[in-house]
Every structure is written in C-alpha cells, then in structure tokens.
Amino acid sequence: MRKLVALPVLSADALSSVAYGPEAMLAVLVLAGTAGMAYSLPIAATIALLMLVVGVSYRQTIRAYPHGGGSYIVAGDNLGRLPGLMAAGGLLIDYVLTVAVSIASGIAAITSAVPSLAPATVPLGLVMIALLLVGNLRGIRQAGVLFAAPTYAFILAMFALIISNLADSAEDGFRPTPTPHLNAVEGVGVLLVMRAFASGSTAMTGIEAISNAVPAFRPVRWRNARTTLTWMTGLLIAMFGGIIAIVHLRGVVPRSGETVLSQLAHLTFHSGPMYVFVQAATAAVLLLAANTAYNDFPRVLFLLARDGHAPHIFLRQGDRLAFSNGIALLSVAAALVFVVFAGNTNSLIPLYAVGVFLAFSLSQTGMVVHWRRVRTRHWRKSLTFNATGAVLSTLVLITAAITKFTSGAWVALMAIGLFFLLATRIRHHYQTTGAALRLRPDTTEAPGPLGTRAPAPAPLPTQHPLPPEAGRTDRERQEAEEGEEEREETPQSVHHLTVVALASLDLAGLRALAYAASLQQPTLALHISPSEEEAQRFRDYWTIWGDHVPLHVVLSPYRAIVAPLIHYIEALHRQRPDLTITVILPEIVTQHLRHRLLHSKDAARLRRALRPLPKIVVTSVPFHVP
C-alpha cells in the first residue's frame, strides 16, 4: 500500500480511540466533582507522553522485524513460548473488545445525534456486528480509497472541531468556562487519579497495527512503515491533546445520553451540517476500526494454530480467501460481550486496558532482549527506547489491573488465564497425537541425514494398471459407459480407481495406503500442499516411504484442502466416467469428545460435496490416538 492509503487504513483503530479515550478518563474524574476535573490536563499530558514513547518504541520493532512483528511473534521469539502465549491472549481479548467498544462508541455517536434511537442500542450494535461478519466472510479487505475515506473524514472533523472551539475560546482570551456544579461522590486521591489514567490510556489501542503490517507497504517497506507510524503517532497526540484542551476551555463534562464530542460539536456548530458531519465521521471511523480486528484476530489465531496452540481449523481460508472460522469466532465473542454489557462504552472500557497493555509490555520487553542479543548498529539507543516503553506500559498494566479489578478488569484477566490454560492443553494434545502418528523405526526406516537416502521399505502389493481407455471413439466410450451403468449390479462390471488423500506422511497415512493396497485395485496417492517448498519436501519423503505408489501433488497456497480435492476428483470423474473412484482418507479418532474439534472433519465434508456425483465412494481409515 501507498503511505497515503496505509495511514488511514492501518491507523483507524488508534485514531478513532480519541472518540472514547478522553471521555473514559473524564468519566472517572467527574466522580470527584470539580476538584477531580482539575486533574484532566496533567493526566492527559502524561498519556500523550506515553503515546510518544510507545510510538517511538514500535519504530524500533519495525526496524527489527521488517516482515511484521506483532506482540505474539516478538514475545515468543525473545522471551519464550509462555510469554508469547500471554501476549497472544492479550491481543485476542483486545481485538474482541475493539469490536465491542468501537461499535458501542459508534452507536453512542448516532444516538447522541438521534436520541430516539437510544433504546435500540443493543439491536443496532448486533446488526453492525452481523454486517461486519457477512462482509468479511465475503472477502472485504481494508484497501483503497473507499476504506481510507472514513479515517480522513474523521481527522478533518476532529481538527475542524478543535480549531473552531479554540477560535471561540480565543475571543474570551482563552479563559476556561466554569464547569457546572458537580457533586463529588469520591474524594480526589491517588487511586482515582490512577483509574482515570488507566481509562484514558485506552486511547492508545491500535498503535501496534502498523508494525504488524509492514509487508503490506510498498518498498522500501520498513522505511515507509516507520514514516506512517510517525504520522499516526503525531496525529493521535494532536487530536487527543486538542480534545482535552477544548473540553477544559469549554467546561464540558461527561453526561449520559450524549457523548463529549457531540457536546463540543453542538457548542460550536449547533445542529447544522457540520455537527452532522462530525457525528457521521465519528460513527464511520469507529465502524472501520471495528473492522480492523477482523483482519488481525484471525491472523493471530492462524499463527497460534500453526504453532499447535489453537485448533487447526483456524489455518484454513474459505472460498473468499478469508479465515472464515476466525471471523465467525470473533463475531460471536464480540456480540456476546456487547450484549452482556448492554452496549455501554464506559462499562466496557475497564476490560480494555488490561489486554492492550499486556501485549505492549511483553512486546517491548521482548525487544529489549532482542537488542541485547543482536547488538546491531545503534542497538543501545533502540534498547533505551524499548526499555522505556516496556517500563511505562507495565506500569499502566499494573495500574489498570489494580484500580479496575472490581470494575471488570477481572473478566479480562480471567479470560487471558483461561486462554493460556486452553492453549497449553491444545498443544499437549497435538504433541501426544504427533508422537502417536510419528513413523517409528520398527515400521520403516527413518530418513537419513540431509543429502542421503535411507533404505526404502518393502513395496506394497503390485497395483493393477488402469483399465484401457485409449483407442475408443467418443461414441464407443459413451455406449460402453451406458452399458456399464446397466450392468453395475454385477461385481465384474465395476472398474475401480482408489485415491488416497494424504495431508502428511505418518502412521495414519501408511495405514490408509496399506488398506488401499489390500483392495488389489489401481491406487493413486494425492497430496494437497500449501507451497512448492512443502510439496518438494513431501516428494522427498515419498521417495523413501511410498514411491511404490503413484503420487500427484496439488498446490493450494491458501491452505484449502477440501475444495482442491473435490476439483481433482471431479476432473478424474469427467476423464474416466467408467471408473468407480474410491477416495480413502486417514481419520484421527480420539478417545475424548473434547478433542474431536481439534481434528479434521474432511471426510464428512467430502461426502456431502461428492454425493451428487455418481460412482464416487468416500471412506475413511480410522487411526485411534489417546
């Protein structure tokens, strides 16, 4: 992407957070009355400094990880598997809450302009989530002017709002308007100030998005990504600081039924077209921000599944090249959270900061370890930036966990803990299954070192050649097929071809090959490979273990398995409609019901897809694992 497109597309989450971050901070301070509101400026200045430090820290991450350095990758590479899992848990919680909070804040912008819609907040939010689900399942991507427009419109609206309010205040010599009389329900203390700081820090969500998407930029990718991150950080600080400044000057305080941004827009633009523009731009960018999670959440699940920490169904892309299973899970989780908290932004904010800053802290700490290990040019300067970011992010994490624990942070902490436990149990199961499937010396010779060839095992029984097909005219072939169809009730009229579909070469695959060979019918092995490199690796192993059976490899770069397999079988059927094709699949059978979701259901899907075709048989060869 060009920088002018990447900036609005990748920054929508971070920039849109100024629609709820400042208000979340003020909603805590207002509990202490007028005395509490006096702390808004110093707290906002501290948050702006934190934004700057974290932004500069992620510039170092982009330099170190030019192919994309999300928190899960950085923490896993430098701190180990368990911290990587904690970072992934924080990210997943963050993405779920990004959808819920962005939708809730967007609906609040709409109901502030049209109060009569307020009772329909939850239904409207669920409709928005459903639209995002359908759109992403159909393969909508954040690219181009269409997706850039809402962010640029929001930036324009915010600066118009800030400049107009500053101009109005300039006429009074920038004398702050007294706030309405506020009854204090809490005293001003360290705990309240820390809570306000943690709530306001949610305006930093989405800062790491650009470091995740470095490969999406035009060359030189890392340099363009760093430039875009710098612009995003500058815009975020300017808008956040500007909103807090005009709130202070205009004497606006949070109130139910209307957002702070709506109050500010009303003061300057009244109910005219510019007010409508501000509210519409806010709602649009928040919807776009929610959509960014639909790109990142399935990607993190893909990485987890690749490493064995999540079910392998999250490795696969749908027909529209979208990670459909991850998209569906995100939609269900976000809808559940939205309904439980009745679409109230202030109720959702306490859950937000924990996941965000857990990922920030582990990522920046991982970068400190990275610079100490690689010691490239200017490594000390980079280490200093990342260490500062790690310390400040950790302080915010601790502050949010302590001050907001009873307000809802415990939910996020418990969710991250449950995710960690679940991910480790999933990996343990896959390791146990892998050990059970691994080829053993007593079954066949293991491959020797690279560049050598181990002795091949004894071949399976000799396969019969395919029934002759050449030499017949189309009419003769058609007459033969019609005659065979009439005589298929007798065994002699059935001509077989057995296709063994192999995802990998293991004991389950060898058992399926042995079963196919025992039928004494022509046999073909079929492997669906995600890349040419993986395909070549499979061929190398095949020459050791299975080159006594013909092998055909089909490339499927999007990790789809069933669709390419179906297309291949259909092509075989069209080429030789006189044959009865038996598709044999190795099937993992687990002892416990809870483990079944972790393994493929390809046999059932194939049966449903191939049922309309005549003379196709799908069978599975079970392999039982603990």
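For the numbers below, each heavy atom of this structure counts, side chains included, while hydrogens, waters and symmetry mates do not.
- For the pair F297/I327, no side-chain contact is recorded, criterion being any heavy-atom separation below 4.5 Å from C-beta on.
- With rounding to the nearest 0.5 Å, the separation of CD1 in I62 from OG1 in T228 is 8.0 Å.
- N212 contributes atom CG, which lies 8.0 Å from atom OH of Y58 (distance to the nearest 0.5 angstrom).
- Heavy atoms only, all atoms of each residue included: L301 and G326 are closest at CD1-CA, 4.0 Å.
- Using a 4.5 Å heavy-atom cutoff, the side chains of F385 and R59 are not in contact.
- One N or O on the side chain of Q279 and one on the backbone of A109 form a donor-acceptor pair closer than 3.5 Å.
- The distance from the CZ atom of F420 to the OG1 atom of T424 is 5.5 Å, given to the nearest 0.5 Å.
- Between L329 and N325 the shortest side-chain heavy-atom distance does not fall below 4.5 Å.
- Between the side chain of T202 and the backbone N or O of A353 there is no donor-acceptor pair closer than 3.5 Å.
- Atom CZ of R81 has more than 12 neighbouring heavy atoms from other residues, nucleotides or ligands inside a 6.0 Å radius.
- No donor-acceptor distance shorter than 3.5 angstrom exists from the side chain of S105 to the backbone of S102, with no hydrogens or angles considered.
- Using modelled atom types, no side-chain atom of T111 and backbone atom of A118 make a donor-acceptor pair closer than 3.5 Å.
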Go through the steps for Q60 and N386 under the test side chain to side chain donor-acceptor pair (under 3.5 Å), then give the verdict. CA-CA 7 Å; Q60 316 313 311; N386 286 125; over 6 Å; no

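- In this structure, V99 and A334 approach most closely via the heavy-atom pair CG1-CB, 3.5 Å.
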Please lay out, stage by stage, how L132 and L330 fare under the test side-chain contact (heavy atoms from CB on, under 4.5 Å). CA-CA 10 Å; L132 289 173; L330 174 60; over 6 Å; no

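- F240 and A44 make their closest contact through CE2-O, 3.6 Å (heavy atoms, listed as atom of the first residue, atom of the second, distance).
- At distances below 3.5 Å, not a single donor-acceptor pair connects side-chain atoms of R427 with backbone N or O atoms of A423.
- Not one N or O on the side chain of S363 forms a donor-acceptor pair closer than 3.5 Å with the backbone of A359.
- Under a 3.5 Å cut-off, the side chain of S112 and the backbone N or O of T259 do form a donor-acceptor pair.
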Check step by step if side-chain contact (heavy atoms from CB on, under 4.5 Å) holds for F302 and F314. CA-CA 5 Å; F302 167 83; F314 295 116; 5.8 Å; no

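- Side-chain atoms of N136 and N291 form a donor-acceptor pair, as typed in the model, at a separation below 3.5 Å.
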Where do N78 and R373 land on the side chain to side chain donor-acceptor pair (under 3.5 Å) test, with the steps shown first? CA-CA 9 Å; N78 298 288; R373 186 176 70 249; 3.0 Å; yes

List the steps and the verdict of side-chain contact (heavy atoms from CB on, under 4.5 Å) for N295 and R299. CA-CA 7 Å; N295 288 335; R299 178 179 173 274; over 6 Å; no

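- With no hydrogens or angles considered, a side-chain donor-acceptor pair links Y275 and S262 at under 3.5 Å.
- For D307 and Y72, the side-chain atoms include at least one donor-acceptor pair closer than 3.5 Å.
- Between the OG1 atom of T394 and the CZ atom of F357 there is a distance of 10.5 Å, given to the nearest 0.5 Å.
- We find the OG1-NE2 distance between T61 and H370 to be 9.0 Å, quoted to the nearest 0.5 Å.
- Of all heavy-atom pairs spanning V278 and A265, the tightest one is CG1-CB, 4.2 Å.
- If you check the side chains of Y352 and T98, you find a donor sitting under 3.5 Å from an acceptor.
- Side-chain N or O atoms of S393 include none that pairs as donor or acceptor with a backbone N or O of S361 at under 3.5 Å.
- When each of L229, D13, L91, V356 is paired with E208, the side chain to side chain contact (heavy atoms under 4.5 Å, CB included) condition holds for L91 and for no other.
- Of the candidates L97, V96, D94, V101, L97 is the only one forming a side chain to side chain contact (heavy atoms under 4.5 Å, CB included) with L351.
- Ring pair Y430/H309: centre-to-centre distance not below 6.0 Å.
- The distance from the CE atom of M239 to the CE atom of M158 is 7.5 Å, given to the nearest 0.5 Å.
- S199 and K404 are linked by a side-chain donor-acceptor pair at a separation below 3.5 angstrom, with hydrogens and angles left out of the test.
- Within 6.0 Å of the CH2 atom in W231, the count of heavy atoms belonging to other residues, nucleotides or ligands does not exceed 12.
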Go through the steps to decide whether F341 and N346 satisfy the test side-chain contact (heavy atoms from CB on, under 4.5 Å), and finish with yes or no. CA-CA 9 Å; F341 290 88; N346 290 331; over 6 Å; no

